[in-house]
*Asks:* 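Please find one structure pasted underneath; my questions will follow.
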Number of protein chains: 2
Amino acid sequence: MNKHKRVTSYDVAKVAGVSQSAVSRAFQTGRSVSDKTREKVLATANELGYKPNAIARMLITKRSGMVAVISSSRVNLVYPEVLSLLNERLSEKNERVLLFNLDDAAGLDDILEHIWTFQVDGVIALAAHFDHKSINKFKQHQIPVVLYNRRVAGHSASSVCCNHEQGIFELVDILHDFGHKDYLVLAGPEDSDVAQERCELAIKALTDKGINDVPVACGDFSYQSGRQAFSNYMASHSAPTAVVCSNDTMAIGVIDEARENCGLRVPEDLSVVGFDGVNAVFWHSYQLTTVKQPIEQMTKAAVDILVEQIAAPDNPAQLRVWSGALVQGKTVGPVRN
Amino acid sequence: MNKHKRVTSYDVAKVAGVSQSAVSRAFQTGRSVSDKTREKVLATANELGYKPNAIARMLITKRSGMVAVISSSRVNLVYPEVLSLLNERLSEKNERVLLFNLDDAAGLDDILEHIWTFQVDGVIALAAHFDHKSINKFKQHQIPVVLYNRRVAGHSASSVCCNHEQGIFELVDILHDFGHKDYLVLAGPEDSDVAQERCELAIKALTDKGINDVPVACGDFSYQSGRQAFSNYMASHSAPTAVVCSNDTMAIGVIDEARENCGLRVPEDLSVVGFDGVNAVFWHSYQLTTVKQPIEQMTKAAVDILVEQIAAPDNPAQLRVWSGALVQGKTVGPVRN
DNA sequence: TTGTACGCGTTATCAG
DNA sequence: CTGATAACGCGTACAA
């Protein structure tokens, strides 16, 4: 009953009365084996509890059946959902997820080496600290990479993105149409490309409307940082009428701080918009006006592209961009006179 | 520049003018190599861009440096936080996370086989569908398992748990002290052990207070299911004065439904308690009264126990239980007369 | 279709 | 301390 030694293909071969290679072939599709032997092999394999050893197979086929997913433990509520979806899609393609955490640029080289030694089939990168040097390393090692919501200059790697520009312009349009003139932009962490991009786009959108010198506060994507940043700003400035936040979680923090400590009603006194469309924004107490990223499509495409590039590494890199969906919540209203 | 062929230890050996085994030894600690050769080997290895191939090492050492984490895509907000912490702790122990999703019992055998073929060093199980049969399979394969918030009868596997009994009794105590007599218990998904346990404990705690025949509604841990369950219940019953929910997310759903569609104020007309202590319960609009699981301690212990059992597989299984921390929010108040 | 023999890249054993 | 040599468990030419 208790199997101390792993059952190998040799064991099966011996019992089934065939050669080891016959066993190997029986477990592969599209190989020349007679139905009779395959049947016999599979039967005794089942009987002995034999499963081909993935590690040995990796060594010879040079495919590990694993995809590295590099993520940050950043407090962005979208990532868990994204990770879960990626895992599902990759499973369908018969690839497992090998998880890597990247919180500071310092750990990057370390992670890269690990990924390389583990011989992963491909990489999906959600993490903040990721530059063209990293991309080049993967290219040198011939490992396909798909960037998620990250475009690296020269886009020598494939990427799937949400169109932040369209989304943020749409949000600013709404605010502008409601007559807002006094804005605050709440940026995310400095080391995050997404955060920087969203912040810059917000400023650009406002400039396009003729609104210049917009003040910028800085948070780290977390709820608390949203509260803190707004609180700090209010301590030394007069209240804006609209806040454009780089993500939903901070937006909710701003709303709570405004309501609780600043005596501001939302949306009567203050309009707030976020970005991402995480589940919590649909909760009744907030009903944030935001842009929802199409994470189902994005994750599916990320996996499809990656699998395609694993199969044909010389295929050109591609970029796919989706528009976000505007979510008309209840945190935006006309400016009061 | 472009390395089409992987650099092996033989390549390094040839260039460094030593044997292949010398190269191998140079990369291991506590092996007999002279400083001089090690230095030379490491230098040329670095020059050639050589890193030992983890796959080949796995094949011979029978240790993969990977731990399987089995999770559900259940809408329980705690899991992302837990997963992230597990990943960090495991990295510190030089183990990678190989991710598996388990949503229905059907996929269990499939996943078990995958885990087995990948020769993981150990398993941490967060998933709902997990019985003693699965545990036995791992035992047969000599793979250490640590259950997270799951106790399987006979506890032949180690587990780390939050003391649900203490937590729920404490919550019920508070409600009882406030004079509540009309309760509703909101259960989680039927196939989740945690959900069932919390539900039964709530009933038991209430029975101890002399409150019998408590009505039970059923959700699936999600916000929407919380709203729906409460809405359904209200359609055919008079309003309870207190709702005990099996997790925080559903509790927030109940609060929103009560406020928005039932004309009930929380906590004036209705008291609501949850369980888990996810970040969102601290948001100002909710401030849910709940019990916070000590996930830092729990994840650390899970990893420590697992690593210990990997090193010494014959060590006895152990169970560690933590009390949850009561979070006094603002969703519980005295019953109105 | 089947079996033989070799190789994947490393660690482990054992003389020297 | 060092170098040859044997595993590890499988896929795959090649010959039969």
*Asks:* If you apply the rule salt bridge (Lys or Arg N to Asp or Glu O under 4.0 Å), what do you find for A:Arg63 with A:Glu95, and how did you get there?
*Replies:* CA-CA 10 Å; A:Arg63 284 205 43 184; A:Glu95 296 275 346; 2.7 Å; yes

*Asks:* Return the value, rounded to whole Å, for the distance between atom NZ of A:Lys62 and atom P of C:dG7.
*Replies:*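 It is 14 Å, rounded to the nearest whole Å.
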
*Asks:* Which word best sums up how the rings of B:Phe118 and B:Phe100 line up, parallel for under 30°, tilted for 30 to 60°, or perpendicular for over 60°?
*Replies:* perpendicular

*Asks:* Could you state the CZ-P distance from B:Phe118 to D:dG9, rounded to the nearest angstrom?
*Replies:* 17 Å

*Asks:* To the nearest Å, give me how far apart CG (B:Leu59) and P (D:dA6) are.
*Replies:*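 That distance rounds to 17 Å.
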
*Asks:* Does the protein touch nucleotides 10-16 of chain D at the base, only the backbone, or not at all? Give it as B, S and - per nucleotide, heavy atoms under 4.0 Å.
*Replies:* BBBB---

*Asks:* Does the pair A:Asp304/A:Arg89 count as a salt bridge with the N-to-O cut at 4.0 Å?
*Replies:*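 Looking at A:Asp304 and A:Arg89, the cut-off is not met.
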
*Asks:* Keeping the roles fixed (side chain from A:Arg150, backbone from A:Leu126), state whether a donor-acceptor pair exists under 3.5 Å.
*Replies:* yes

*Asks:* Do any N or O atoms from the side chain of B:Arg38 and from the backbone of B:Ala26 form a donor-acceptor pair under 3.5 angstrom?
*Replies:*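 Yes, because the side chain of B:Arg38 sits within donor-acceptor range (under 3.5 Å) of the backbone of B:Ala26.
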
*Asks:* Tell me the interatomic distance from B:Met58, atom CE, to C:dA12, atom P, rounded to whole angstroms.
*Replies:* 15 Å

*Asks:* Ignoring hydrogens and angles, tell me if any N or O in the side chain of A:Ser84 forms a donor-acceptor pair with the backbone of A:Pro80 under 3.5 Å.
*Replies:*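 Looks like no, no N/O pair under 3.5 Å.
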
*Asks:* Just report the end-to-end axis angle for the helix from C:dT1-D:dA16 to C:dG16-D:dC1, five pairs per end, to 10 degrees.
*Replies:* 40°

*Asks:* How about B:Glu190: does its CD atom have over 12 heavy atoms from other parts shown lying under 6.0 Å from it?
*Replies:* no

*Asks:* Round to the nearest Å and state the distance from B:Gln119 atom CD to D:dG9 atom C1'.
*Replies:*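 Taking CD of B:Gln119 and C1' of D:dG9, I get 9 Å after rounding.
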
*Asks:* Nearest to the A:Ser32 side chain among D:dC1, C:dG3, C:dT2, which nucleotide is it?
*Replies:* C:dT2

*Asks:* Write down the distance between NZ (B:Lys14) and P (C:dG9), rounded to a whole number of angstrom.
*Replies:* 13 Å

*Asks:* Determine yes or no for a side-chain-to-main-chain donor-acceptor pair under 3.5 angstrom, with A:Ser64 supplying the side chain and A:Gln119 the backbone.
*Replies:* yes

